Amino acid sequence: MMPTITNRLPGVCRMLLASLALACPARAATQLTYPLSSDGVDSRYDWAVLRAAMEKTAPGFGAFGQRQSPVAMSPSRIVHEMSMASGRINVFVRASSPELEKQFLPVRLPVDRGLLGYRLLLIRQDERSRFAQVKTVADLRPLRAGLGQGWADIPVLQGAGISVVEGSNYAGLFAMLEAGRFDFFSRSADEALREFDERRDQYRQIAVEPTLLLHYPLPRYFFLRRDAQGMLLAQRIEAGMEMMIRDGTLNALLQQYKGDIIARAAMKQRRVIRLSNPRLTPETPLSRTELWFNPLTGK
């Protein structure tokens with residue numbers, strides 16, 4: 001098992017966290033403020049996980065409040081707000097990278113149990129037969145992928161020898177795909193089907209490719225500030241999530257929020273092409289199999 005956040009901290013920090021935790025019942029309720037994404041991403045599951053983790057730890061850490069920022073924020077704005085002690089948010093969720101793990105304090109337990117790394121492809125309808133011939137990574141290399149600027153999976157695809165076209169904003173990527181600027185848009189299994197449903201009338205040439213499933217490890221973590229409050233919040237969230245993993249709450253929430261769309265993706269029936277992620281940090285808990293959902297087995 002990987003060392004906990006508390007055990008990784010210097011002794012003086014552990015003493016500070018212990019004293020803060022003991023003082024919690026007498027203190028004002030802990031307030032968590034998370035971002036409203038400007039990209040139209042459905043984050044309800046993430047914040048349900050956060051609330052459950054906080055509720056499970058209330059006896060030891062005290063009361064809490066949880067709210068969404070009223071101001072929509074781009075990914076760069078979220079990082080900016082988190083970089084300031086007076087920023088309007090104090091927690092966010094994102095696919096991890098070495099830079100994020102260095103700048104902020106990660107809770108290294110994948111929020112979605114690794115579902116983000118199972119990828120369906122949005123393509124143009126008239127390219128279905130071309131993708132039906134793809135069997136290996138080598139078959140993908142003549143095709144161009146589309147991703148947003150700075151996305152964590154760009155190095156994954158580039159490391160596999162696949163050309164990546166970067167779009168300056170999320171919404172514009174769908175128009176770029178339909179216009180032929182690139183050949184496929186790699187999306188997580190739960191994102192692809194929702195996005196297709198939302199845009200099928202606007203982009204009539206786009207389809208969900210029915211035969212392929214890319215897989216690469218791409219954990220999504222809660223991130224906190226690297227200060228005393230952030231350390232205490234990270235310790236609390238980690239403790240709550242560990243409880244949720246042991247008692248099945250985390251998987252139950254995953255099924256509640258995403259079970260239908262996971263089933264609809266029919267991942268067991270697809271050809272799996274596995275890619276490595278060269279940007280995983282050594283602390284990534286890959287050896288803890290209980291943290292990672294495998295939709296091919298349903299466990």
Side-chain angles (χ1 to χ4, degrees), residues 1-9 13-35 42-69 82 89-96 101 104-116 190 219-259 262 283-294 298-299:
M1 181 179 294
M2 298 295 293
T4 64
I5 286 171
T6 304
N7 291 337
R8 293 196 300 266
L9 297 173
C13 291
R14 293 199 299 271
M15 292 174 62
L16 174 60
L17 288 177
S19 64
L20 286 172
L22 289 173
C24 268
R27 294 164 60 87
T30 299
Q31 182 62 56
L32 286 159
T33 304
Y34 58 88
D42 184 358
S43 300
R44 290 174 297 173
Y45 165 77
D46 299 334
W47 311 124
V49 170
L50 181 64
R51 179 170 294 280
M54 297 295 286
E55 287 172 347
K56 285 186 177 293
T57 51
F61 287 83
F64 73 97
Q66 183 173 321
R67 65 184 180 187
Q68 186 176 63
S69 168
M82 283 290 295
I89 57 173
N90 59 358
V91 61
F92 71 105
V93 180
R94 189 166 295 179
S96 192
E101 292 188 31
F104 303 108
L105 189 60
V107 177
R108 290 191 179 93
L109 299 170
V111 176
D112 65 353
R113 301 197 62 212
L115 183 62
L116 185 68
D190 57 317
R220 296 175 69 249
Y221 296 146
F222 288 116
F223 287 93
L224 296 305
R225 289 193 182 92
R226 286 189 176 275
D227 57 19
Q229 183 201 48
M231 289 177 187
L232 184 60
L233 283 173
Q235 182 194 32
R236 178 171 181 171
I237 294 168
E238 179 181 67
M241 287 188 68
E242 290 284 9
M243 294 179 196
M244 294 169 68
I245 292 160
R246 288 193 299 270
D247 68 15
T249 303
L250 185 61
N251 191 55
L253 282 174
L254 185 72
Q255 293 300 326
Q256 176 186 340
Y257 281 85
K258 300 179 183 289
I262 289 172
E283 296 84 4
T284 306
L286 294 175
S287 63
R288 292 188 60 187
T289 56
E290 76 276 16
L291 303 182
W292 307 90
F293 177 67
N294 183 347
K299 297 179 181 180

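Keep in mind it's a predicted model, so treat the numbers as computed, not measured. Note that the numbering runs from 1 along the sequence shown for the chain.
- Side-chain atoms of Arg108 never come within 3.5 Å of backbone atoms of Glu238 as a donor-acceptor pair (strictly under, hydrogens ignored).
- Of the possible polar contacts, none joining the Asn90 side chain to the Leu32 backbone as a donor-acceptor pair under 3.5 Å is found.
- The two atoms that bring Leu253 and Ala48 nearest to each other are CD1-O, 3.9 Å, heavy atoms only.
- With rounding to the nearest 0.5 Å, the separation of CG in Leu232 from OG1 in Thr30 is 6.5 Å.
- Note that CZ of Phe64 and CD of Gln31 are 9.5 Å apart. Values are rounded to the nearest 0.5 Å.
- Distance check, rounded to the nearest 0.5 Å: NZ of Lys258 to CG of Leu115 gives 6.5 Å.
- Shortest non-hydrogen contact noted between Leu116 and Ala95 is CD2-CB, 3.6 Å.
- Of all non-hydrogen atoms in Trp47 and Phe92, the two that sit nearest each other are CH2-CA, 4.1 Å.
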request  = Evaluate the side chain to side chain contact (heavy atoms under 4.5 Å, CB included) criterion for residues Ile237 and Leu224: first the C-alpha distance (whole Å), next the side-chain angles of each, then the deciding distance (0.1 Å), finally the verdict.
outcome  = CA-CA 10 Å; Ile237 294 168; Leu224 296 305; 4.2 Å; yes
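- Between the Arg236 side chain and the Gly62 main chain, a donor and an acceptor come within less than 3.5 Å of each other.
- Nearest approach of Ser69 to Thr33, heavy atoms of both residues: N-CG2, 4.0 Å.
- Counting only residues at least two apart or in different chains, salt bridge (Lys or Arg N to Asp or Glu O under 4.0 Å) contacts with residues 59-69 are absent.
- Between Phe61 and Leu233, every side-chain heavy-atom pair lies at or beyond the 4.5 Å cut-off.
- Between Pro219 and Thr284 the shortest side-chain heavy-atom distance falls below 4.5 Å.
- Closest approach of Arg113 to Glu290, counting heavy atoms only: NH2-O, 3.2 Å.
- The CD atom of Gln68 lies 11.5 Å from the CZ atom of Arg44; values are rounded to the nearest 0.5 Å.
- No side-chain heavy atom of Leu109 sits less than 4.5 Å from a side-chain heavy atom of Phe222.
- Taken from CG in Leu254 to OH in Tyr45, the straight-line distance is 4.5 Å, to the nearest 0.5 Å.
- With rounding to the nearest 0.5 angstrom, the CD atom of Gln235 is 10.5 Å from the CG atom of Leu105.
- The backbone N or O of Pro285 lies less than 3.5 Å from a partner atom in the side chain of Trp292, making a donor-acceptor pair.
- A side-chain donor-acceptor contact under 3.5 Å links Arg226 to the backbone of Phe104.
- With a 4.5 Å cut-off on side-chain heavy atoms, Thr249 and Met243 do not count as touching.
- Using modelled atom types, no side-chain atom of Tyr257 and backbone atom of Asp46 make a donor-acceptor pair closer than 3.5 Å.
- Between Ala53 and Met244, the shortest heavy-atom contact is N-SD, 3.6 Å.
- Annotation: side chain of Phe293 is in contact with side chain of Ile262 (closest heavy-atom distance under 4.5 Å).
- Salt-bridge formation is detected for the pair Asp247/Lys56: a Lys NZ or Arg NE/NH1/NH2 atom is positioned less than 4.0 Å from an Asp or Glu carboxylate oxygen.
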